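What you are looking at is a predicted structure, and each value in this text was computed from that prediction instead of being measured. A note on names: the letters A, B, ... follow the listed sequences, proteins ahead of strands, and every chain is numbered from 1.
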Protein chains: 2
Amino acid sequence: MKKLTPAVLKQRSECIRNFYTERGRMPSFSEIGGLVGLSSKSSVFKLIERLEKEQSLSRDVNGRLLPGPMSHPLRVLGSVEAGFPSPAEEELADTLSLDDLMVKNRQATFLLKVSGDSMSGVGIMPGDMVIIDRSLSPKSGDIVVAEVDGAWTMKRLKKSGENIVLVAANPNYKPIRPKNELKIAGVVTGVVRKYQ
Amino acid sequence: MKKLTPAVLKQRSECIRNFYTERGRMPSFSEIGGLVGLSSKSSVFKLIERLEKEQSLSRDVNGRLLPGPMSHPLRVLGSVEAGFPSPAEEELADTLSLDDLMVKNRQATFLLKVSGDSMSGVGIMPGDMVIIDRSLSPKSGDIVVAEVDGAWTMKRLKKSGENIVLVAANPNYKPIRPKNELKIAGVVTGVVRKYQ
DNA sequence: ATTGACAGCGAACGATCGTTCTTCATATAA
DNA sequence: TTATATGAAGAACGATCGTTCGCTGTCAAT
């Protein structure tokens, strides 16, 4: 048999990962055999042993398979101006999942697409999606989604004593002082934007 | 025994869902028993049958458990100015995972923290994280991370024939015309920002 | 040509899986 | 009261799981 190249190993690892993202669970050894083209479970067993050593796979406390170190890993590197990392540095870097990073309380969280440029001054552009947490109590300085006098807007909340003002981050918009009621739907905890 | 109230049913369902989000896989029947406090697998079996009918759980083609309809759900709602949705609308809305939304090719993707305000004109602020895909071939108009004449920067790429220019989105920065070499590390496919 | 390492196959093992059945206790209805 | 429905327990089942062992064949170095 030919040598098992890293390329082949990676391809097989991706087969397994694809199964996980598509089906929401890890495949069994027999299923992995079918995915990568191995008719013996023991061959799969050896494959898994390898992938474990390479950290592209891990196991539960109970010995069950898990995708990657945990959850959906994304490499996090340094800052742009600090220089670009070498492959060696990458291996040391932390990994995380966007979901875990951005969402604390999944039950109370949802996404909202932004239209209008009232917050473009702080980098929230039309077309962006904002992550909103309903469970947080809004503090002064937070960006909130609120219903003021019948209309829904996204603005920055400013409290000074009893005085409450909603301020846009664009000088073209005037601060709003709610006359009657102010219903705050949630606090903006993050922004995501997708190019292409 | 007392009647099995919908509240209890929901609580047990959430126990299972929590296990999934924490551990990345569905629990076995015995494990579910431990989670919700049932010492018999057959009791768990009946519980699962119920949850299946209530659509709060589903099964594989192979009969394996799946969390809910599918994947890590995040509600996606309409745009801010279109008005805020009622609870009824929420249930109909699509759900998605941030990871699936933002990352196509996980192997070639990583995150980079932005420092400097050279791209603040397009809403990429200092402290934001950009999602970079190494596998994409940079096209004119893309925002790229590149090494020009020894220094790493994030700029917008402009090609016109053989002419290549890197343009900042901040008028304080002058366009860069790479003299010697231009190494493009990857294309920015998204931006995420986290408040608090 | 001989050797050794490696990739894969196939059989067999105990363990655990999900399922079914029977039994028991209790709450509700007649 | 008695009767019935319901929730849970427990035993037993075949099926599948992950694991181990021994074997074959091929590539590469000696």
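Atom CG of Leu47(B) is separated from atom P of dA9(D) by 12 Å (rounded to the nearest Å). One atom, CZ of Phe45(B), and another, C1' of dA9(D), lie 16 Å apart when rounded to the nearest Å. Phe29(B) has its CZ atom 19 Å from the P atom of dG14(D), to the nearest Å. Met26(B) has its CE atom 14 Å from the C1' atom of dG18(C), to the nearest Å. Put simply, CG on Leu51(B) is 13 Å from P on dG7(D), counting in whole angstrom units. Rounded to a whole Å, the CD atom of Glu31(A) is 11 Å from the P atom of dT16(D). Rounding to whole angstrom units, CD of residue Glu49(B) and P of dC21(C) are separated by 12 Å. Between Leu65(A) atom CG and dT16(C) atom C1' the separation is 15 Å, expressed in whole Å.
Among dC17(D), dA11(C), dA8(D), the nucleotide with an atom closest to any side-chain atom of Lys46(B) is dA8(D). When the nucleotides dG10(D), dG8(C), dG18(D) are ranked by their closest atom to the side chain of Ser40(B), dG10(D) comes out on top. When distances are taken from the side chain of Arg50(B) to each of dG7(D), dC17(D), dG10(C), the shortest belongs to dG7(D). Here the nucleotide nearest the side chain of Arg59(A), chosen from dG18(D), dT19(C), dT20(D), is dG18(D). Minimum atom distance to the side chain of Arg64(A) is reached by dC17(C), of the listed dG18(C), dC17(D), dC17(C).
Residue side chain Ser42(B) reaches the base of dA9(D) through a donor-acceptor N/O pair under 3.5 Å, judged by distance alone. In terms of polar N and O atoms assigned as donor or acceptor, the side chain of Ser28(A) never comes within less than 3.5 Å of the base of dG18(D) in a complementary pairing.
Grouping the Ile, Leu, Val, Met, Phe, Trp and Tyr side chains by contacts below 4.5 angstrom, directly or via other members, places Ile164(B) with Ile176(B). Hydrophobic cluster membership differs between Met125(A) and Val188(B), with clusters built from Ile, Leu, Val, Met, Phe, Trp and Tyr side chains linked at under 4.5 angstrom.
OP1 or OP2 of dA9(D) has at least one side-chain nitrogen or oxygen of Ser43(B) nearer than 4.0 Å. In terms of phosphate contacts, Ser39(A) brings a side-chain nitrogen or oxygen within less than 4.0 Å of OP1 or OP2 of dG10(C). Contact annotation: Arg12(B) does not reach the phosphate of dG7(D) (side-chain N/O to OP1 or OP2, under 4.0 Å).
Residues Leu38(B) and Lys41(A) both approach DNA chain D. Their nearest nucleotides, taken by heavy-atom distance, put Leu38(B) toward the 5′ side.
Remark: Lys41(B) NZ to Ile48(B) CD1 distance equals 13.0 Å, nearest 0.5 Å. For the atom pair CD1 (Ile184(B)) and CG (Asp142(B)), the distance works out to 8.5 Å, reported to the nearest 0.5 Å.
When the options Asp128(B), Ile124(B), Val114(B) are evaluated for a side-chain contact (heavy atoms from CB on, under 4.5 Å) with Arg193(B), the one that passes is Asp128(B).
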